[in-house]
Each structure stands twice: as C-alpha cells, then as structure tokens.
Number of protein chains: 2
Amino acid sequence: MSGAETKEIILDTAERLFAERSFASVSLREITAAAGVNLAAVNYHFGSKDALLLAVFRRRATDLNRERITLLKEAEARAGDHPVPLREILAALLSPPIRWTRQRTSGLSVFIQFMARVRTDGTPEMRKLMDKDVGHIHRFVVPTFRTLPHLPKDEIYWRLHFTLALMHYTITDLGRLEAISGGLCDLDDTDALIERMIDFAVAGFGQPVQGGAALEVLEAVSG
Amino acid sequence: MSGAETKEIILDTAERLFAERSFASVSLREITAAAGVNLAAVNYHFGSKDALLLAVFRRRATDLNRERITLLKEAEARAGDHPVPLREILAALLSPPIRWTRQRTSGLSVFIQFMARVRTDGTPEMRKLMDKDVGHIHRFVVPTFRTLPHLPKDEIYWRLHFTLALMHYTITDLGRLEAISGGLCDLDDTDALIERMIDFAVAGFGQPVQGGAALEVLEAVSG
DNA sequence: ATATAATGCATACGCTCGCTTCAATCAATG
DNA sequence: CATTGATTGAAGCGAGCGTATGCATTATAT
C-alpha cells in the first residue's frame with residue numbers, strides 16, 4: 001500500500017467514525033484498526049488527532065460549497081436581470097448536501113453527517129472548523145435580499161436560519177422520522193424529499209411579516 | 001453540605017458541562033472540580049459516569065413533557081369538540097423548550113441544550129436516552145391528524161419533522177444566526193422568537209400537498 | 001452521650017489515551 | 001547490487017481517565 005493510499009483510507013475511516021460518534025469518543029486506535037493500518041500512521045501522515053480532523057474537513061468542504069455556488073450562479077444566469085426566484089436560491093443551498101447525504105455509495109454521504117457533527121460537537125477543535133464555514137452563507141443572503149425586497153433584512157436572516165434548520169435536522173435525524181411515523185414516510189425518494197423541504201421553506205418565506213401584511217412577497221417567492 | 005445538596009450541585013454542573021461539550025470530552029474530574037466536591041462523590045452518589053448522565057436526564061425530562069401536555073390539554077379544552085387549531089398544537093410543542101432555553105437564571109435553560117446534545121452525541125449512552133423521548137411526540141401527532149384531515153398522514157409526519165427541526169436548530173445554533181446576521185436579529189425577545197417559529201411552521205403546514213392543491217387546510221391552520 | 005449510619009476526602013489501581021521512538025521493510029535510483 | 005529515503009510495525013512513554021478503597025468527619029438516633 002502506498003503512502004497516498006494509506007492517507008486516503010485513514011481519512012475515509014476517520015470521516016465515517018467521526019460522523020457516527022463524537023470526536024473525543026473515537027480513539028486513534030479504533031480508527032487505525034478499522035482502517036487496517038498501523039497506529040503510528042496517523043501521526044506520521046497527519047501529525048496529530050486534531051490535524052486529522054482538520055484534514056477530513058478540508059478534503060471535501062471546498063467541493064460542497066463549490067457545488068452550491070455553481071447552482072446559484074446557474075440560477076442567476078437563468079434569471080438574467082431579474083431577481084433569482086427564491087425557490088432556486090434555496091435549491092442551490094439545500095440540494096447539494098441532501099443529495100450528498102443520500103448517495104450511499106460515496107464518501108460524500110458520511111461527510112455531510114460529519115459536518116453536522118462538527119456543528120454540534122462542542123469541542124474547541126470543532127468550533128474552529130465551524131467558523132470556517134460561516135462566510136459561505138452570505139453568498140446566498142445577498143440574492144435573497146434582492147428577491148424579497150419587501151422583507152426586512154432581519155426577517156430574511158430569521159427565515160434563512162429556519163431553512164438551514166430544516167436541512168441540518170433532516171440530515172442528522174431522518175432516522176427519527178422513520179421511527180415516529182412507523183415507516184410511513186418514504187425516505188428513499190431524494191428528489192421528493194428535497195422538494196418537500198423547499199416547499200416548506202418557501203411557504204415559510206412567503207408568510208406576511210409579523211404585525212403587518214406584505215403580500216407582495218408571494219409573487220417573488222413563486223418566481 | 002448535606003448529601004442531597006451535593007447531588008444537586010453535581011447534577012447542575014454535569015448538566016451544564018454536558019450541554020456545552022460532548023459526553024466523552026467531559027471528565028469526572030472536571031465536573032467535580034467545577035462543582036467543588038470530591039472526585040469520589042460522583043461514584044458514591046450515582047454509581048458511575050453513565051448513571052450520572054441518566055440522572056441528569058431523568059431529573060427534568062418528565063417536567064418538560066408534562067408542561068407540553070398541559071398546554072396541549074388546555075388547547076384541547078378550549079377547542080371543545082372542534083379540532084385543535086394547528087397553531088396551538090405547535091405552540092404546546094415548541095414553546096416550553098424554547099422558553100426553558102431562554103430563561104437564563106434557571107437550570108432549565110441548560111437542560112434544553114443538554115437534550116439537544118443528547119440527540120446528536122452519537123455515543124451509545126446518548127442513544128439510549130434518546131429512545132426514551134420518542135413516544136411523547138405521538139401525543140401531538142393525533143390531534144394534528146384531526147386538525148388537518150385533508151393532509152395525508154405521511155405528509156403530516158414530514159411537516160412535523162420539519163417543525164421539530166426549527167426547534168432543535170434554534171436551540172442549538174442561535175449563536176450562528178447572530179454571527180451570520182451581524183447582530184441584526186433580535187435574539188432576546190423570546191415571545192417574538194416563538195411567534196416567528198410558529199408562523200414559519202404554520203405556513204409550512206398550510207402549503208398545498210405536493211402534486212395537488214388542498215386549500216381547505218388553510219382554514220384549519222389559521223384556527 | 002454514645003453508637004451507628006451517612007457522607008466527605010485523599011489516594012491509588014488498572015486501563016486507555018495520544019503520541020513518540022526506533023528498528024524493520026519497501027521502492028526507487030545510481 | 002548497494003544505497004538512500006519513505007513508510008510501516010511493534011513497543012512503550014507519560015498523562016489522564018473512570019473507578020475502588022480506606023479512613024476521617026459529620027449527622028442521626030437511641
């Protein structure tokens with residue numbers, strides 16, 4: 001096995017285990033045993049456990065955001081001079097991570113769960129990783145302002161926050177839905193799942209502002 | 001200091017630390033040091049670290065669900081023979097944990113974050129705790145079926161899932177919203193926050209079913 | 001007041017952790 | 001084939017972990 005192959009196997013295994021359990025509860029011995037490599041390989045190739053976590057993150061994070069931005073730019077191109085329909089902005093934001101989650105063959109799937117864990121595992125290493133990801137959201141805030149000019153900006157932030165909630169919770173706790181519904185909900189149709197989620201979010205954006213009606217937004221929302 | 005006092009202090013401190021960081025990354029030495037008690041006190045009063053986690057959970061979980069059920073029953077009483085307005089069902093489900101989160105003086109606040117961590121910390125101990133909480137949701141599913149008889153049941157499950165997402169994400173990641181919005185959003189007005197969240201969810205419930213319109217639900221939703 | 005139980009405290013055990021060391025092995029090069 | 005640099009393997013280090021033990025201290029009850 002070449003050195004590069006060893007690195008990849010370690011990254012894959014660590015990504016999977018970190019996605020499943022908390023950073024502190026996964027030991028290097030467990031990772032290396034599952035990966036079939038020597039214990040010392042992690043420190044040789046990555047330097048430390050913390051650095052391994054960072055490497056897992058780095059390997060895929062840029063890909064994900066690139067995919068989102070590509071979708072957003074396509075939507076902007078389609079819109080021309082007009083504001084981008086909200087539905088398409090949200091689709092660019094939500095569909096890549098959801099799709100990644102659900103293509104079971106690829107390592108991208110577990111990476112999304114890994115990301116979700118990073119957001120909730122309160123260790124300092126995790127928080128550092130999280131902060132690297134805040135800036136990308138702003139790229140989606142700006143076109144949303146333009147699409148929904150009648151909504152106060154703080155209201156848009158709130159509703160984007162709730163939209164991210166849908167995504168985040170769906171990624172981490174879809175199994176819970178299966179348990180609650182007794183298997184009634186079809187979790188395998190990814191496209192339908194994304195549509196459902198976007199429908200829900202778009203409806204949330206379309207509601208009038210608290211304390212005052214703003215029905216104009218309904219037009220912009222439906223694009 | 002009496003034995004009961006010691007137990008309470010340990011529970012408070014453990015609850016806080018477990019809310020902040022992952023179960024595995026918080027050591028008994030850290031807990032007992034922060035609590036100002038002896039290291040052996042945990043094993044004396046609770047038996048083990050796992051048992052301490054369980055005790056933290058037990059102490060408050062019943063209170064939370066009792067409060068939710070009380071609100072739901074009040075809403076049912078007000079409704080009489082009519083279906084309970086969706087808004088009130090969701091308020092009963094969402095407002096207790098959100099209120100608990102935001103009353104900074106009380107330990108209830110950190111307990112909600114503790115619960116949120118339990119849901120995402122993938123350790124086996126945590127999963128056991130999670131499973132204890134599934135059943136309570138069903139109490140809210142049934143009246144929702146009755147209020148929205150035109151919606152397919154799986155659709156209701158989906159939208160309840162999304163609603164729980166709003167709650168969960170808001171509890172865990174409100175700081176993120178503050179960062180993204182640059183402090184624009186007012187996070188201190190709890191009532192307004194709850195209203196916003198319920199508005200968003202009600203709007204999501206009010207949308208027509210995928211592939212077909214069902215405008216009747218709009219009446220039921222607004223109650 | 002004295003006996004008895006409950007609790008607090010300091011310490012230590014056994015274990016696993018992340019990390020290091022150093023010799024063995026492999027691959028490529030001259 | 002010998003040499004060299006990169007990688008792997010096995011063993012072990014000190015530190016921190018959860019837990020157990022033994023004894024001091026305090027509270028309770030007769």
Side-chain angles (χ1 to χ4, degrees), chain A residues 1-57 59 114 117-118 121-129, chain B residues 1-57 59 114 117-118 121-129:
Chain A
M1 191 178 342
S2 82
E5 283 170 352
T6 303
K7 277 183 87 162
E8 284 299 308
I9 290 183
I10 292 175
L11 284 173
D12 289 343
T13 312
E15 187 176 71
R16 178 168 55 84
L17 292 175
F18 287 153
E20 289 170 2
R21 305 206 311 276
S22 79
F23 179 66
S25 72
V26 178
S27 71
L28 288 185
R29 282 170 174 80
E30 188 178 357
I31 295 172
T32 52
V37 303
N38 190 268
L39 167 62
V42 168
N43 280 278
Y44 176 76
H45 286 288
F46 300 98
S48 72
K49 191 186 180 185
D50 282 19
L52 171 62
L53 180 72
L54 220 88
V56 170
F57 181 82
R59 183 170 63 150
F114 167 84
R117 170 158 309 283
V118 165
D121 198 325
T123 57
E125 309 84 24
M126 297 291 199
R127 298 207 186 278
K128 280 176 213 152
L129 280 187
Chain B
M1 188 175 354
S2 82
E5 285 170 351
T6 303
K7 278 183 86 161
E8 284 298 309
I9 289 183
I10 292 175
L11 285 173
D12 289 342
T13 311
E15 187 176 71
R16 178 168 56 82
L17 292 175
F18 287 154
E20 289 170 2
R21 305 205 313 274
S22 78
F23 178 67
S25 72
V26 177
S27 71
L28 287 185
R29 282 169 174 80
E30 187 177 358
I31 294 172
T32 52
V37 303
N38 189 268
L39 168 62
V42 167
N43 280 277
Y44 175 77
H45 285 289
F46 300 98
S48 71
K49 190 186 180 186
D50 282 18
L52 171 62
L53 181 71
L54 219 89
V56 170
F57 180 81
R59 183 171 61 150
F114 167 84
R117 171 158 310 283
V118 165
D121 199 324
T123 56
E125 309 85 23
M126 295 292 198
R127 298 207 186 278
K128 278 177 214 153
L129 281 186

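These figures come from a predicted structure and were not determined experimentally. Every chain is numbered from 1, with letters handed out A, B, ... down the list of sequences.
For B:Ala40, taking side-chain heavy atoms from C-beta onward, the closest of the listed nucleotides D:dT8, C:dT7, C:dC9 is C:dC9. Side-chain atoms of A:Arg29 lie closest to D:dG12 of the nucleotides D:dT7, D:dG12, D:dA20.
Summarising the geometry, the separation between NZ on B:Lys49 and P on C:dC15 is reported as 19 Å, rounded to the nearest angstrom. Put simply, CG on B:Leu28 is 16 Å from C1' on C:dC13, counting in whole angstrom units. Regarding A:Ile31, its CD1 atom lies at a distance of 15 Å from the C1' atom of C:dT16, rounded to whole Å. As rounded to whole Å, 15 Å separates atom C1' of C:dC17 from atom CG of A:Leu52. Atom pair A:Tyr44:OH and C:dC22:P shows a separation of 16 Å (rounding to whole Å applied). Rounded to whole angstrom, the span from the CG atom of A:Asn43 across to the C1' atom of C:dT21 amounts to 12 Å.
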(Q) Run B:Asp12 and B:Arg59 through salt bridge (Lys or Arg N to Asp or Glu O under 4.0 Å) and show every step you take. (A) CA-CA 10 Å; B:Asp12 289 342; B:Arg59 183 171 61 150; 2.9 Å; yes

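Geometric assessment of B:Lys49 against the ring of B:Phe23 yields a positive cation-pi assignment under the 6.0 Å and 45° thresholds.
In terms of phosphate contacts, B:Thr6 brings a side-chain nitrogen or oxygen within less than 4.0 Å of OP1 or OP2 of C:dG8. In this model, the phosphate group of D:dT8 is approached by a side-chain N or O of A:His45 to a distance below 4.0 Å at OP1 or OP2.
With rounding to the nearest 0.5 Å, the separation of CZ in A:Phe46 from CG in A:Leu53 is 11.5 Å.
When the nearest nucleotides of DNA chain D are assigned to B:Asn38 and B:Ser27 by heavy-atom distance, the more 5′-ward of the two goes with B:Ser27. Remark on DNA chain C: of its neighbouring residues B:Leu39 and B:Ala4, the 5'-side contact belongs to B:Ala4, judged by nearest-heavy-atom nucleotide.
Taking every heavy atom of both residues into account, A:Ser48 and A:Asn43 meet most closely at CA-OD1, 3.7 Å.
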